Amino acid sequence: MSDKNRHGRSRLSWRTVLIILVIFLLYAYGLQVTKVDLQEPLEPRRQENLVSLLRDLAQPDFFSHDTETRNTAVSIHMPCPGEIKGTQVTIEGREALMVPNCATTTQDRIRISGEGFQPNADGVLAWRPIGATTSRRLADFKVSPDGQIDVTFTMPDIRPTEEAQKIEIVEILSRRITGLSDTTMEALDKIVETVLMALMASTIGTILAIPLSFFAASNLMRDVKAPLAGIMAGVILAPIMGGLGWWAANSAAQPLLGLIGQNLQFLRTDLGFFNFIGNFIFVLLEMMMQLLPLAIALIGALLAVSLGGRFGQQAAMHMAEAPARILTFALTIGGTAVLFIIIAYSLNWINLFGIREFLPEATAAQIKLFAIPGLVLGGIAGLLSLRASPKYHYAIGILIYTLTRGVFNGVRSIEPLMMGFVFVIWVGLGPFAGIMALTLHSMADLGKLFSEQVENINQGPVEAVTATGANFTQSIVYAVVPQITPHYIAYIFYRWDINVRMSTIIGFVGGGGIGFVLNRTINLTAYSQASVMIIAIAVVVTILDNISARIRSRII
Amino acid sequence: MLKVQNLTKVYEDGTVALKDVSFEVPDGQFVAVIGLSGSGKSTLLRCINRLIEPTSGEIWWNDTHISHISGEELRRARRQIGMIFQHFNLVDRSSVLTNVLSGRLGYINSMSSILGRFPEEDVQRAYTSLARVGIRDKANNLADELSGGQRQRVGIARALMQEPQMILADEPVASLDPALAHSIMRHLLQINQEDNITVLCSLHFLDLVQQYSTRAIALNEGQLVFDGTPQEIDDDKFVEIYGREAERIG
Ligand SMILES: Nc1ncnc2c1ncn2[C@@H]1O[C@H](COP(=O)(O)OP(=O)(O)OP(=O)(O)O)[C@@H](O)[C@H]1O
Ligand SMILES: [Mg+2]
């Protein structure tokens, strides 16, 4: 016994040493791969950059100011026109001395000192390019209490000219806040856009996720079983009825869309202040009309599945063995062929691995081409189907569950940033692309969370309601929905909060919202403006985080 | 009349929960199902309304071949058979009235039930059922605001909504204290006698069996080991049903 123990311990310690060794090697390699360089951050140039960035960020551009300034201009030459010396200017009692008064290269250090300036005033040195109306900041300074200044600057990237350039010594004599800056106004505008984007994405995502979440709940789908005849009848009917639904709804929706476009434009233009409400209604109507064919097609397909399922079930259960077998055989051939054609057609459409090259161009010819292998496969499946009794109930629910779960997990694992990118290409720059990306991601994410909620419900009430003779739909409405509703509501808020954060990122690829502006200000190195955006995001995220936590704790 | 023939249930993990069980229950009987924990009582009751799929054997309910129907037919059979559970199985976040009304789902179509619309006479029936078990005043409470005894009465009211011809009760009083247990059993007995509803009720305590049932069937490891009146359970039979180690207390 003790021998065995000792043996066990020594094995364990060997394993520990091995693990430590592996971890050590992992980090050593990691350091090399990630190019950690401890010298770079310590370089003075880098540190200067960091300090100036942090200082800009620390001065968010919240307010617009009314500033009174006084300029003192000094001329400078580049390149040096001969002898190098200093320049002295005297204006209204202010004296400034610039040494040297010319530069040979753009990196020369030049010093300006002077006296007679307004004590304690803040100021900047600026270079005004020839013919320009705005100037570029070179350095900051502060006038000493006795009116003296002493600043050094680096010659900026000036192209050599004959004419003299102007360096301005700008004192800020007084500064009054006159209101909110344009940056603040834009931040407010965009943060509202962001919050609404996130809200819309969460809401639409939820609406789509709710029905799907039931298909991804194993406890509900486990019991969904049907004889093969029912399943295959559904498979055959679904594309037919779905297609018919699409065609019918589309032919009805197109003229209606036209009518809306012609007759309801006044909603967005003639309501004055309430235009935004009119626009909302207009967009809703338009969206409904565009989604109508899709919805009708889906309903048609679902109806087909339920009808086909019922027909196949009744037939398989009530027909005599032999005809039931023949029916199952025939339906299996048809169903498999239809499935094959649909899958092959979609792969062809997306041109997987470039298969288009090898296929005819016309749709009809393609379908004919797919039909042959489809029917062959169908024949094989049909023969296989004969091995079991036509009354055998296949666990089709588990298949649906696996597929839905798989899609959820797949879509969830794609970064919303990537989705934003795709949608920006599809529908153009702006918040609409952002909404679509976030909606898609929310749908998958919520669908998964919701279905886990459904799996965690108390099964007892479902059993009880089923025992009263309720059907599948009724047992969901009466025994499942009441148990999950509070969790679903809580998740909507949780997702809203997440979507606000995500939409700031999606903005970087052009998906609208405040992230779009943040990206722009950063690219323009306008860091004190970027600071405003960052603060706005932080504030809103904190507030939403709080609200959503509070609502969640109240509901659940 | 319920007829169970050669009923066998083997779970997916290989557990044989019922082995070749056969018995008949004429209308109006109050039958106690007894046996040790794990002997298959719940499995038997759930096979009768097909909450559990039997592995083999036949179940007849009047003219309905319960073990061989599905879909709409199964629903119609189920709505004639009420069920009461040890843990009540109410929907906690719904009102008592909604819980009771859900007993009526087998009679109304999907569309109106999704919209929550029950015919006026069903609502009246729900109040009557609640009154019958003495908790009409709790109709608008949430189910989880009720005490255990009250919750089981809601369970009974829900079963009554089905206008059942038979009630399956799976240890209906096992989570209740003895006083409440007797009150629930009295309600069941009253329903059995006044409405001539067959009751099949699994029970753990022999005194309850003797006080309320007219007949007892006993399971031991999935096999039917006794079928007779409660009075016939003498010491020998007791050992046969519950095993050597068990001691008679009831
Ligand atoms: N879903 C299941 N899967 C596998 N085995 C099961 C399952 N349900 C029950 N069993 C087993 O079947 C046997 C009978 O169980 P059952 O619940 O019918 O007994 P019971 O008499 O109702 O017991 P109790 O008095 O504890 O409720 C037990 O051995 C149990 O472990
Ligand atoms: Mg049990």
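Quick caveat: nothing in here was measured; it's all calculated off a predicted structure. So you know, we letter chains A, B, ... as the sequences are listed, proteins then strands, and number each from 1.
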Contact class of B:Leu51 relative to chain A, heavy atoms under 4.5 angstrom:
side chain

May I ask you to check whether A:Thr468 and B:Gln162 show a side-chain donor-acceptor distance below 3.5 Å?
no

Heavy-atom cut-off 4.5 Å, strictly under: side chain, backbone, both or neither for B:Asp170 against chain A?
neither

Taking all non-hydrogen atoms of both residues into account, name the closest pair between B:Arg158 and A:Ala464 and its distance.
NH2-CB, 3.3 Å

Select one option (side chain, backbone, both, neither) describing which atoms of B:Arg76 are under 4.5 Å from chain A's heavy atoms.
neither

Hey, is CZ on A:Phe311 packed in by over 12 heavy atoms from elsewhere, all under 6.0 Å?
no

Side chains of A:Gln474 and B:Ser110: donor-acceptor distance under 3.5 Å anywhere?
no

Residues, nucleotides or ligands: over 12 heavy atoms within 6.0 Å of A:Arg325 CZ:
yes

Contact class of B:Ile108 relative to chain A, heavy atoms under 4.5 angstrom:
both

Separation between OG of B:Ser70 and NZ of A:Lys225, rounded to the nearest 0.5 Å:
13.0 Å

When you look at OH of A:Tyr401, are more than 12 heavy atoms from neighbouring residues, nucleotides or ligands closer to it than 6.0 Å?
yes

Let's test your reading of the structure: which of B:Ile69, B:Val91, B:Asn49 forms the most heavy-atom pairs below 4.5 Å with chain A?
B:Val91

Which heavy atom in A:Pro482 sits nearest to a heavy atom in B:Arg93, and how many Å separate them?
O-CD, 3.5 Å

Got a second to check how far A:Thr466's OG1 is from B:Asn89's CG, nearest 0.5 Å?
10.5 Å

Only pairs of heavy atoms separated by less than 4.5 Å count here; which of B:Ala159, B:Gly106, B:Gly103, B:Ser113 has the most with chain A?
B:Ser113

So for A:Thr473, is it side chain, backbone, both, or neither that comes closer than 4.5 Å to the heavy atoms of chain B?
side chain

Within a reach of under 6.0 Å around CZ of A:Phe472, are more than 12 heavy atoms found that belong to other residues, nucleotides or ligands?
yes

For B:Asp13, does the CG atom have more than 12 heavy-atom neighbours from other residues, nucleotides or ligands under 6.0 Å away?
yes

So, are A:Glu463 and B:Arg46 salt-bridged, with charged N and O less than 4.0 Å apart?
yes

Considering non-hydrogen atoms only, spot the tightest contact between A:Ala467 and B:Met83 and give its length.
CB-CB, 4.2 Å

Relative to chain B, which segment of A:Asn471 carries a heavy atom at a distance below 4.5 Å: side chain, backbone, both, or neither?
both

Can you tell me how far CG of B:Leu101 sits from OH of A:Tyr478, rounded to the nearest 0.5 angstrom?
7.5 Å

Give, as side chain, backbone, both or neither, the part of B:Gln86 having an atom under 4.5 angstrom from any heavy atom of chain A.
neither

